[in-house]
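To start, the structure under review is shown below, and the notes come after it.
We name chains A, B, ... by the order of the sequence lines, and we start the count at 1 in each one. Only this structure's heavy atoms are used, side chains among them; waters, hydrogens and symmetry mates stay out.
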Protein chains: 2
Amino acid sequence: MSKFGMYAKFTAKPGQRDALAAILLESAAAAEAVDECELYIINISDTEPDILWVTEVWSSPEDHAASLTLEDTQAAIRRAMPLIAGVESTKIKPVGGKGLLFS
Amino acid sequence: MSKFGMYAKFTAKPGQRDALAAILLESAAAAEAVDECELYIINISDTEPDILWVTEVWSSPEDHAASLTLEDTQAAIRRAMPLIAGVESTKIKPVGGKGLLFS
């Protein structure tokens with residue numbers, strides 16, 4: 001089973017980065033209970049004040065897709081949407097390295 | 001102390017992705033002994049066959065900079081350079097989430 005990874009670049013509307021980060025951090029806290037969510041890290045940028053990056057790794061593409069259907073996730077998306085000016089995601093496939101378990 | 005994160009996008013020369021991945025995976029194995037290297041994950045792309053992404057997180061920018069001066073790292077860079085057509089890196093600052101310890 002191959003892991004699913006993603007770098008999600010959120011552009012917050014002016015002045016909304018921290019409010020958006022707070023919602024994403026809540027999602028990360030909720031993900032603590034979801035074993036298939038192996039990484040969900042919120043990052044800021046030192047050079048782009050309106051940008052947030054989320055580094056995600058899921059145990060499979062199916063696990064990631066399933067997470068998007070959860071009511072908690074849907075509620076967080078509804079709260080976050082008004083704060084977001086744009087989203088770009090880069091999908092990747094983790095194949096090895098330090099910090100995750102690879103079978 | 002703030003963590004240091006980076007998404008490094010390597011474009012391998014044609015046919016060299018797997019050889020480059022092998023060198024990066026060796027670097028990740030070596031990083032197992034370096035506590036300040038918290039994440040070093042090698043990723044492939046399902047849509048770009050010559051691309052490798054490395055997700056890195058270090059305990060501080062200084063720890064990352066220090067790692068680049070190590071002889072092991074320098075030797076790996078020398079071995080990898082002939083296989084690389086380009087490198088682009090996005091520097092980020094992890095602020096919270098699942099998968100890393102945040103003080």
For residues A/I84 and A/L24: do they belong to one hydrophobic cluster (side chain heavy atoms under 4.5 Å, members Ile, Leu, Val, Met, Phe, Trp, Tyr)?
yes
Quick check: is B/L83 connected to B/M81 through a chain of hydrophobic side chains (ILVMFWY, heavy atoms under 4.5 Å apart)?
yes
Looking only at heavy atoms, which of residues 36-63 of chain B get nearer than 4.5 Å to chain A?
B/C37, B/E38, B/L39, B/Y40, B/I41, B/I42, B/N43, B/I44, B/D46, B/W53, B/V54, B/T55
How about residues 86-103 of chain B versus chain A: which residues have heavy atoms under 4.5 Å apart?
B/T90, B/I92, B/K93, B/P94, B/V95, B/G96, B/G97, B/K98, B/G99, B/L100, B/F102
Determine, using the 4.5 Å side-chain heavy-atom cutoff (strictly less than), whether A/V34 and A/I23 are members of one ILVMFWY cluster.
no
According to a hydrophobic-cluster definition based on side-chain heavy atoms being under 4.5 Å apart (Ile, Leu, Val, Met, Phe, Trp, Tyr only), do A/I77 and A/L70 belong together?
no
Turns out that what part of B/A31 lies under 4.5 Å from chain A's heavy atoms comes down to both
